Amino acid sequence: MASQFKRTLVTAALPYANGPVHIGHLAGCYLPADIYVRYLRSIGHDVKYICGSDEHGVPITIKAKLEGTTPQAVVDKYHKIMGDAFKEFGISFDIYSRTSSKIHHQTASDFFKTLYEKGSFTEQVTEQYYDESAQQFLADRYIVGTCPKCKNPNAYGDQCENCGSSLNATDLIEPRSTLSGSKPVLKQTKNWFLPLDKLQPKIKAYIEKHADWKPNVYGQCKSWLDSGDGLQPRAMTRDLDWGVPVPVKGADGKVLYVWFDAPIGYISATKELLPDSWENYWKKEDSRLIHFIGKDNIVFHCIIFPAMLMEHGEFILADNVPANEFLNLEGDKISTSRNWAVWLHEYLLEFKDKQDALRYTLCANAPEAKDNDFTWKDFQTKNNSELVAIFGNFINRTVVLTHKFYEGKVPPANTYAKEDLIVLAELANAPDKIAKAIEQFKFREAITEWMNVARIGNKYLAETEPWKLIKTDEERVKTIMNIALQISCNLAILAEPFLPFTSKKLFGLLNIVPLKWPAAKHTGNVAQGHLIHKEELLFDKIEDSEIELQLNKLQKSKEANVSAKKAAPVKPETTFDDFVKMDIRIATILEAEVVPKTDKLLKLKLDTGVDVRTVVSGIAAYYKPEDIIGQKVMMLANLAPRKIKGIESQGMILMAENAKGELSFVTPTKTEIENGSAVK
RNA sequence: GGCGGGGUAGCUCAGCCGGUUAGAGCACAGGAUUCAUAACCCUGAGGUCGGGGGUUCGAGUCCCCCCUCCGCUACCA
């Protein structure tokens, strides 16, 4: 452990309280952080593990509206589900707090006030949609309208869920407020911005001091800093009524931006945990701050939060931000809305007392350097071929033999043979090897090294064959079994950060009060004559039927998604007069080329029957230029021209689009329909 | 298109400040064994290290170009 630090504060990303926790969350940050923290505790280092629910922000208010309840009720529900599941899974937070708490509101409010008084913010007036009947500004998610791209009439102000485009609220055609259904108006509003552009040099210096961070993290930060315009000012307040009120005069109806408020949650939770000594962890140079997060949070933890802390001035900055990539599930992205996930609270019910099987799999297959895939088959294999067959089996044979030969009493070690000394040396060496990997955040490597200790044990038994030797050399067997028991004990010690439930169970089996990490450097932790308990299996095999059950469950959510993908609802009624305003006609593509520096755009030359004109169309993903020369298409000919990537597009090709967003030309089926023929 | 991270045995990954015959686990094949949840132990097979150039006495490891996967970002009238 880096000796210049007297204490360590570990945070894990605050999970958002609008849904339960799934395996992706666990593998991303909660489990690695938990292993790290348990290890630090075991070596006697002063460490606190901080987390809590992130309970503000627009999606929660939307969810409340959908469910006909209050935001507070929503967060209460999920705060409990998440907190309980974490606890049962052995995630050993020192505190699991929440951002709707009083202490957090106070802390976040004070923090903002400090920056405000220091003049850290710039004020900017922008135009936002405002609902006059509800008398409030509308967050993007509170505005729906027709998507300008796919014409889905129910697109949100930030994104169209039909075609996946990201939008600005002002892009929507016929916007309406979800609060009242009325048409919102644009109105000026003032918000406070953190001028990241001005802070860029300081942030850059901070990041560059940490070139030793994981490549994905450091690279991502550099990417933000070095990209074209560099960092941009970012609004730290929002027009919303759910969150921490902005503590400034004239800021009625405004709250702190959820990403301003959430990381301060780490501070408030520490305060709540340690009312008298929290500042030791946040304000002393000999304290170390580490944020465990998923890759989607890198910018907030490496750039925005440090910038906030720098501006404040009293706090230390993160010494490391070990972010993991994403975990996929059976080849597909984990998705809450598509119910493509393994939910922790469900796992805990369906695999009772098998927390460590999942902990083992998620750690051994953690997405440390790249996205990884979780498959149930792999889970089964890791459980059956590694936990059961290697580790569990070693413990079991040792315990069985001890009872068989000595009625459960630990025999004395006599004279060590050469092979014994080799094994003992390897055993004594293991803690440092594992520790080194953990300290470098290489948890996969760490757990592999741990499993290797069990392999050493199995090999040792296979080579010394005590079950044979007992007939010819009883004294020698005593030494061998003593060593096997020492290995078992040290395995229990070293297992604790990874498999806390198993560690506890194994200590119980050995009838030993749990020991701490430094003891594992010694090879005489089990005393001669000590009585151990009767054998008891540490792990059960996981049967094919259990795996099939899970796969079926996933299959069902896949089917549910397909059937849910019905066609978009019919748009509001229109008139024939409006329809005939559209000049839709048949045209033929004469030329086609990819627009340089774009992925989706083709520049087309069309024969419309009356003229030849240029149209830019976003179809490059579906058609190659050389394949569509001569293609007859439908086009909207009297659409106002518009410049796209510097090219004037004089019309629009009409495309059919399916639920996946795939496009197809709509073509007349009879060849005698010539260019210029009207579509009506 | 820009930026970042990947592309190494059937699968999951390590190695990447260049240096002997490219590693591990799982899966597979053969053998040995019976203390053990048909588990353990040994042996083996399996890779032109995404492709192509270059630098070097020597490159998976450095440089250039290209292909491909993931993320952010631009573009879909």
Side-chain angles (χ1 to χ4, degrees), chain A residues 148-151 163 165-166 214-228 295-296 298-299 323 325-326 328 333 361 364-375 377-378 381-382 384-390 392-405 442 444-445 447-449 451-452 454-455 457-470 477 481 484 535 537-541 594-602 615-622 635-636 639-647 649-655 657 661 663:
Chain A
K149 297 175 180 172
C150 71
K151 305 295 181 271
C163 66
S165 318
S166 60
K214 288 174 59 172
N216 57 340
V217 178
Y218 186 72
Q220 187 67 236
C221 292
K222 290 290 282 174
S223 162
W224 278 81
L225 289 165
D226 298 340
S227 73
K295 69 174 165 186
D296 50 336
I298 290 174
V299 64
E325 302 284 304
F326 285 151
N328 294 327
K333 274 176 212 173
T361 307
N365 195 25
E368 287 178 357
K370 59 179 178 190
D371 290 357
N372 258 62
D373 203 23
F374 176 94
T375 64
K377 188 79 200 133
D378 183 55
T381 302
K382 285 221 155 56
N384 293 358
S385 308
E386 298 184 30
L387 284 178
V388 173
I390 297 170
N393 184 37
F394 169 68
I395 299 298
N396 192 238
R397 59 205 299 213
T398 300
V399 172
V400 166
L401 287 174
T402 304
H403 277 279
K404 199 162 185 172
F405 298 159
K442 295 180 175 173
R444 302 173 64 120
E445 183 182 324
I447 206 164
T448 304
E449 285 296 343
M451 186 56 90
N452 283 344
R455 291 194 164 95
N458 276 323
K459 189 170 172 180
Y460 179 67
L461 287 184
E463 283 169 357
T464 54
E465 298 183 305
W467 51 89
K468 269 190 190 167
L469 214 55
I470 192 73
V477 171
M481 290 314 299
E535 64 265 22
L537 297 181
L538 293 178
F539 302 98
D540 298 320
K541 282 206 154 192
V594 175
V595 178
K597 303 196 177 185
T598 69
D599 286 343
K600 296 183 185 169
L601 301 184
L602 292 186
V615 168
V616 177
S617 188
I619 58 174
Y622 309 100
M635 79 170 293
L636 182 57
L639 186 66
R642 167 155 171 169
K643 271 204 172 177
I644 299 167
K645 282 278 163 186
I647 302 163
S649 181
Q650 303 157 318
M652 173 171 153
I653 311 271
L654 301 188
M655 309 294 295
E657 183 183 43
L663 301 176

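Only heavy atoms go into these numbers, but all of them, side chains included; no hydrogens, no water, no symmetry mates. Convention: sequence-line order gives letters A, B, ...; per-chain numbering from 1. Predicted model only: the values in this text are computed from it and were never measured.
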Heavy-atom closest pair (A:L401 atom, A:P466 atom, distance to 0.1 Å) is CD1-CG, 4.1 Å
Output yes when at least one side-chain N/O atom of A:K541 is less than 4.0 Å from OP1 or OP2 of B:rA39, else no.
yes
Euclidean distance, atom CG of residue A:D378 to atom P of B:rG10 [Å, nearest integer]:
17 Å
What are the two closest heavy atoms between A:H403 and A:E535, and how far apart are they?
CD2-OE1, 4.2 Å
Under a 4.0 Å heavy-atom cut-off, which of residues 457-465 of chain A touch RNA chain B?
A:N458, A:K459, A:A462
Paired nucleotide for B:rC17 [Watson-Crick or G-U wobble; both distances under 3.5 Å]
none
Suppose you measure atom C1' in B:rC35 against the same atom in B:rG19; what distance do you get, rounded to whole Å?
46 Å
Pairing nucleotide - B:rC3, Watson-Crick or G-U, each distance under 3.5 Å:
B:rG71
I'd like a list of close polar pairs between nucleotides 64-70 of chain B and the protein, N/O only, cut-off under 3.5 Å.
{"residue": "B:rC70", "atom": "O2'", "partner": "A:D371", "partner atom": "OD2", "Å": "2.7"}

Out of B:rC35, B:rC26, B:rC75, whichever nucleotide has its closest atom nearest the side chain of A:I390:
B:rC26
Taking only side-chain N and O atoms of A:S385, does any of them lie within less than 4.0 angstrom of OP1 or OP2 on B:rA27?
yes
Qualifying residues under side chain to side chain contact (heavy atoms under 4.5 Å, CB included), relative to A:V299, sequence neighbours excluded
A:W224, A:I303
With sugar-phosphate meaning primed atoms plus P, OP1 and OP2, does A:L538 contact a base, only sugar-phosphate, or nothing at under 4.0 Å between heavy atoms?
base
Applying a 4.0 Å non-hydrogen cut-off, can you work out what A:V388 is touching in the nucleic acid: base, sugar-phosphate, or nothing?
base
What's A:V616 touching, base or sugar-phosphate or nothing? Going by heavy atoms closer than 4.0 Å.
sugar-phosphate
Report the nucleotide, chosen from B:rC13, B:rC35, B:rA74, that has the shortest atom-to-atom distance to any side-chain atom of A:N372.
B:rC13
For A:S649 against A:I644, the heavy-atom pair lying closest together:
CB-CD1, 4.1 Å
Under 4.0 Å, heavy atoms only, any strand: does A:F394 hit a base, just the sugar-phosphate, or nothing?
nothing
Please measure how far the C1' atom in B:rU12 lies from the corresponding atom in B:rG51, and state the result in whole Å.
24 Å
For A:L537, which contact category applies under a 4.0 Å heavy-atom criterion: base, sugar-phosphate, or nothing?
base
Please determine, for the side chain of A:K600, which listed nucleotide (B:rG6, B:rC26, B:rC76) has the closest atom?
B:rC76
Give one of base, sugar-phosphate or nothing for A:T381, where a contact means two heavy atoms less than 4.0 Å apart.
sugar-phosphate
Run the side chain to side chain donor-acceptor pair (under 3.5 Å) test against A:N396 and tell me which residues pass, sequence neighbours left out.
none
How long is the line joining CG of A:L225 and P of B:rC72, in whole Å?
19 Å
Span that lies between the C1' atom of B:rC16 and that of B:rG31, in whole angstrom:
37 Å
Among residues at least two apart in sequence or on other chains, which ones pass side chain to side chain contact (heavy atoms under 4.5 Å, CB included) with A:D540?
A:K354
Categorize A:L636 for me: base, sugar-phosphate, or nothing, with a 4.0 angstrom heavy-atom threshold over every strand shown.
nothing
Using the P atom as the reference point in each nucleotide, state the distance between B:rG5 and B:rG25 in Å, no decimals.
31 Å
A:K404: salt bridge (charged side-chain N to carboxylate O under 4.0 Å, His left out) partners, not counting sequence neighbours:
none
Among B:rA36, B:rC40, B:rU12, find the nucleotide with the atom closest to the side chain of A:A389.
B:rC40
What residues form a side chain to side chain contact (heavy atoms under 4.5 Å, CB included) with A:K377, not counting sequence neighbours?
A:T375, A:Q380, A:D544
Using the P atom in both, what is the distance from B:rC69 to B:rA59, to the nearest Å?
30 Å
Under 3.5 Å, is there a donor on one side chain and an acceptor on the other for A:N452 and A:R455?
yes
Provide the Watson-Crick or G-U wobble partner of B:rA59, both distances under 3.5 Å; none if there is no partner.
none
For A:N328 and A:D371, test the side chains for any donor-to-acceptor distance below 3.5 angstrom and give the result as yes or no.
no
Complementary nucleotide for B:rA29 - Watson-Crick or wobble, under 3.5 Å:
B:rU43
Would you confirm whether A:E368, through its side chain, and A:R444, through its main-chain N or O, come within 3.5 Å as a donor-acceptor pair?
yes
Kindly point out which of B:rC75, B:rU37, B:rC13 is positioned nearest to the side chain of A:N396?
B:rU37
Taking for each residue the nucleotide of RNA chain B bearing the nearest heavy atom, is the 5' side occupied by A:N452 or by A:T398?
A:N452
Roughly how many Å apart are B:rU55 and B:rC64, using the C1' atom of each and rounding to a whole number?
11 Å
Nearest-nucleotide pick for A:R397, side chain only, options being B:rC75, B:rC35, B:rU37
B:rC35
Nucleotide paired to B:rA24 in any strand shown, Watson-Crick or G-U, under 3.5 Å:
B:rU12
Considering only B:rA36, B:rC76, B:rG25, which nucleotide approaches the side chain of A:R455 most closely?
B:rG25
Contact class for A:K382 vs. all strands (heavy atom < 4.0 Å): base, sugar-phosphate, or nothing?
nothing
Gap in Å between the two C1' atoms, one belonging to B:rA22 and one to B:rC67, rounded
24 Å
Results of ring-ring contact (aromatic ring centres under 6.0 Å, His included) for A:F374 - residues two or more places apart only:
A:W376
I'd like the P distance from B:rG7 over to B:rG15, given in whole Å.
10 Å
Apply side chain to side chain contact (heavy atoms under 4.5 Å, CB included) to A:N216 and list each qualifying residue two or more places apart in sequence or on a separate chain.
A:K214, A:E325
Just to be sure I understand the rule, does A:A369 reach a base, reach only the sugar-phosphate, or reach nothing, if contact means heavy atoms closer than 4.0 Å?
sugar-phosphate
As a test of reading the structure: which of B:rC75, B:rA39, B:rU33 is closest to the side chain of A:N393, going by heavy atoms?
B:rA39
